[in-house]
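A short write-up of the structure that comes next.
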2 protein chains.
Amino acid sequence: MATMHDVANLAGVSLSTVSYALTGVRPVSEKTRARIQAAMDQLGYQRNAIARSLASRRTHILAMLFPAIERGLSGTALEFVTSAAETARERGYHLVLWPVNDQEGHETRELLQQGLADGALVMEVRLDDPRVALLHEVGTPFTLIGRTEDPDTLHYADIDFETTVRDALDHLTALGHRDIALLSHSRASLDAGYGPTVRVGAAFERYMTERGLSVVVRHCDESADAGRIATAGLAASHPRVTALMTMNDAATFGAMAELLERGKRIPDDMSVLSIVSSPRVGALSHPRLTTMSAPGTELGRLGVTSLIAQIEGTGATALHTLIPCRLDVQSTTGPARLPMNHTP
Amino acid sequence: MATMHDVANLAGVSLSTVSYALTGVRPVSEKTRARIQAAMDQLGYQRNAIARSLASRRTHILAMLFPAIERGLSGTALEFVTSAAETARERGYHLVLWPVNDQEGHETRELLQQGLADGALVMEVRLDDPRVALLHEVGTPFTLIGRTEDPDTLHYADIDFETTVRDALDHLTALGHRDIALLSHSRASLDAGYGPTVRVGAAFERYMTERGLSVVVRHCDESADAGRIATAGLAASHPRVTALMTMNDAATFGAMAELLERGKRIPDDMSVLSIVSSPRVGALSHPRLTTMSAPGTELGRLGVTSLIAQIEGTGATALHTLIPCRLDVQSTTGPARLPMNHTP
DNA sequence: TTGTACGCGTTATCAA
DNA sequence: TTGATAACGCGTACAA
């Protein structure tokens with residue numbers, strides 16, 4: 001590949017003039033600029049990204065920290081990654097994937113300290129996420145996709161779980177449901193302080209309690225079988241439940257299968273509302289699932305934009321954005337009828 | 001951050017000795033090595049990735065080229081990306097996402113010529129993919145995930161569609177099916193020479209013809225609605241069909257919904273076999289879908305491994321690997337019964 | 001076994 | 001408006 005040196009020679013100017021013509025940091029006369037441009041075209045010149053990074057101390061690389069394996073990245077995560085990568089591209093940045101899962105953060109710290117990335121996008125955030133302290137210590141700008149327990153001093157974009165749960169339950173109660181159960185993520189994720197599990201659980205409890213309704217929660221793993229088992233247990237212990245709020249696609253489908261096999265009609269005997277999901281997933285079920293769709297694309301775009309703003313020192317205001325899931329009413333929610341297990 | 005210079009000073013040795021201690025390219029006495037190690041520990045030293053790249057002319061960055069938007073990356077793609085990123089990490093490489101979709105390849109070429117990536121992983125490969133020529137021209141090592149029409153001189157890992165289709169149809173014919181229809185990707189993807197669409201179509205036609213069975217193919221977009229419409233059309237035009245081979249998750253679920261609404265029982269009236277899918281997706285349906293799962297994880301691992309081998313000049317043999325999808329028999333395939341629309 | 005010095009391709013400072 | 005030239009931090013011939 002041609003270097004700036006080659007361009008300078010061919011154009012008959014100094015190396016620094018070529019650089020300035022490119023960066024625009026200092027004025028260059030129209031004539032020499034034209035000569036330089038001609039030389040660059042002739043040589044098919046492209047600036048070397050690595051050399052630029054070394055000299056400018058800015059790599060234009062953003063790292064995405066995602067502890068992948070845990071629950072097997074969901075479809076929403078894919079939307080998010082795609083959106084983040086595209087936004088980065090548009091702004092002249094690159095997104096690298098760091099599927100690191102170290103508890104002590106040794107590997108993460110090493111990666112950060114290599115200086116490859118200008119900033120980090122932190123995924124799968126827990127309430128007491130140790131990566132926050134790590135990133136502060138290393139001095140890497142970062143934006144959380146999710147948030148810790150007390151994130152006021154941090155930059156974050158997250159799902160507004162409180163509003164999402166309220167909207168979900170408003171939808172169900174407006175249909176007359178009063179016995180509503182939450183089918184949540186695994187208990188392990190709750191114990192780990194995984195944001196969505198904790199916040200949805202808390203919001204659910206608050207909402208139901210405020211209205212004098214009983215709080216029924218079942219935790220289950222990300223699998224159809226786990227969903228079936230949890231639903232079977234629910235049918236036994238809480239036969240009056242008429243609506244299920246779920247937040248776990250695989251389990252949701254398992255739950256519906258179990259209901260159907262028990263002769264329950266959806267939504268006549270049981271309404272099912274899947275939050276933190278997507279219409280695309282909802283369209284897979286029959287009858288079509290009423291969902292509340294996670295704003296993956298928006299979060300990706302916002303997170304990257306905020307991170308770049310931090311890195312470049314522009315956009316002074318911190319990112320503190322919460323976006324609720326959007327309700328897409330389809331065919332699995334309907335008026336409350338008879339309680340579960342009730343046979344007239 | 002501390003530099004090698006700092007380490008050398010603290011350890012009382014020359015800069016190059018530190019470098020050699022780190023790379024191991026030339027022997028360093030045990031004593032000095034220990035002093036250097038102590039200095040590094042004390043300073044929390046990490047080598048600067050960018051400076052290393054500039055000096056060694058190797059970035060340890062792999063670029064993943066994915067024209068994302070087209071059909072909206074599938075669940076399999078996510079598996080693939082995760083696996084590729086993890087494999088790269090294990091080998092000390094980084095995976096950057098380049099969601100570039102330019103027909104003329106201008107942006108792709110510019111990116112490549114910046115010298116950021118040591119090599120490229122090419123996704124969504126078409127039979128006459130122009131990126132192959134581009135990559136050759138630029139001189140960037142690459143591995144295809146997929147393959148062109150005549151890929152013998154290239155490195156690739158792809159799904160073995162021929163075997164997959166044969167296994168799928170063997171499964172169906174063994175159950176007695178003779179009237180089998182293929183529900184494929186969109187016609188646009190076929191016209192664009194998208195590998196999976198073309199190869200599955202060709203294999204299907206060959207297999208069926210060889211056995212004297214009629215070839216029925218329907219193309220439809222990646223949506224449940226498209227699947228329903230295609231299935232409705234099929235019911236009208238080919239009522240004798242008793243088995244559906246699909247390769248498009250959303251459409252598959254749409255097709256099943258349409259069948260159920262028409263009062264068809266699955267698999268009693270119609271078997272459904274979804275190829276290039278996954279058991280995870282299959283578990284979402286009720287009854288559970290018989291699938292043939294795409295080897296996303298394996299392809300990701302193989303692709304990255306091959307690419308690194310090319311870059312590092314090791315592993316002389318070219319990667320020419322085809323992996324068939326694995327059959328997971330569940331509840332949507334069963335013995336052939338009466339033809340569709342037949343009412344005794 | 002160790003040290004010196006040059007090169008990697010830019011950016012940015014200092015002069016002119 | 002332009003030109004030298006010193007960083008940037010490390011890898012590696014060449015010398016000792």
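Judged purely by distance below 3.5 Å, without hydrogens or angles, the side chains of B:Asp102 and B:Thr108 pair a donor atom with an acceptor atom. A donor atom on one side chain and an acceptor atom on the other are found under 3.5 Å apart for A:Thr59 and A:Asp118.
Between A:Thr3 and C:dC8 there is no side-chain polar atom (N or O) within less than 4.0 angstrom of OP1 or OP2. Regarding contacts with the backbone of D:dT1, every side-chain N or O of A:Ser29 stays at 4.0 angstrom or more from both OP1 and OP2.
When rounded to the nearest whole Å, the span between CG of A:Leu116 and P of D:dC10 equals 13 Å. Distance, A:Met1 CE to C:dC8 P: 15 Å, rounded to whole Å. Atom CG in A:Asn48 sits roughly 6 Å away from atom C1' in C:dG9 (whole-Å rounding). In this structure, the CG atom of B:Asp6 is 9 Å from the P atom of D:dG9, given to the nearest Å. The nearest whole Å value for the distance from the CG atom in A:Asn9 to the C1' atom in C:dG9 is 14 Å. What separates NE2 of B:His60 from C1' of C:dC8 is a distance of 15 Å, to the nearest Å. Between A:His5 atom NE2 and D:dT5 atom P there is a gap of 14 Å when expressed in whole angstrom units. Between the CG atom of B:Leu54 and the P atom of C:dT10 there is a distance of 9 Å, given to the nearest Å.
Counting heavy atoms from C-beta on, the side chains of B:Val304 and B:Thr143 never come closer than 4.5 Å.
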Interface polar pairs with nucleotides 11-14 of chain C, N/O, under 3.5 angstrom:
unit_1: C:dT11; atom_1: OP1; unit_2: A:Arg47; atom_2: NH1; d: 3.4
unit_1: C:dT11; atom_1: OP1; unit_2: A:Arg52; atom_2: NE; d: 3.1
unit_1: C:dT11; atom_1: OP2; unit_2: A:Ser19; atom_2: OG; d: 2.8
unit_1: C:dA12; atom_1: N7; unit_2: A:Tyr20; atom_2: OH; d: 3.3
unit_1: C:dT13; atom_1: O4; unit_2: A:Tyr20; atom_2: OH; d: 2.8

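Scanning both residues, A:Val96 and A:Ile61, for their nearest heavy atoms gives CG1-CG2, 3.3 Å.
If you check every strand for non-hydrogen atoms under 4.0 Å, B:Gln114 touches nothing. Heavy atoms of B:Val18 sit nowhere under 4.0 angstrom from any nucleic acid atom. Nucleic acid contact for A:Ser53: none, since no nucleic acid atom lies under 4.0 Å from a heavy atom of the residue.
By the 6.0 Å contact criterion, NE2 on B:His5 is open, its count of non-hydrogen atoms from other residues, nucleotides or ligands being 12 or less.
Residue B:Gly12 is the one, among B:Arg57 and B:Gly12, whose nearest nucleotide of DNA chain C lies closer to the 5' end (criterion: closest heavy atom).
A salt bridge between A:Glu107 and B:Arg89 is present, with a side-chain N of the basic residue lying under 4.0 Å from a carboxylate O of the acidic one.
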Under 3.5 Å, sequence neighbours excluded: what are the donor-acceptor pairs made by side chains of residues 132-141 of chain B?
unit_1: B:Glu137; atom_1: OE1; unit_2: B:Arg109; atom_2: NH2; d: 2.9
unit_1: B:Glu137; atom_1: OE2; unit_2: B:Arg109; atom_2: NH2; d: 2.4

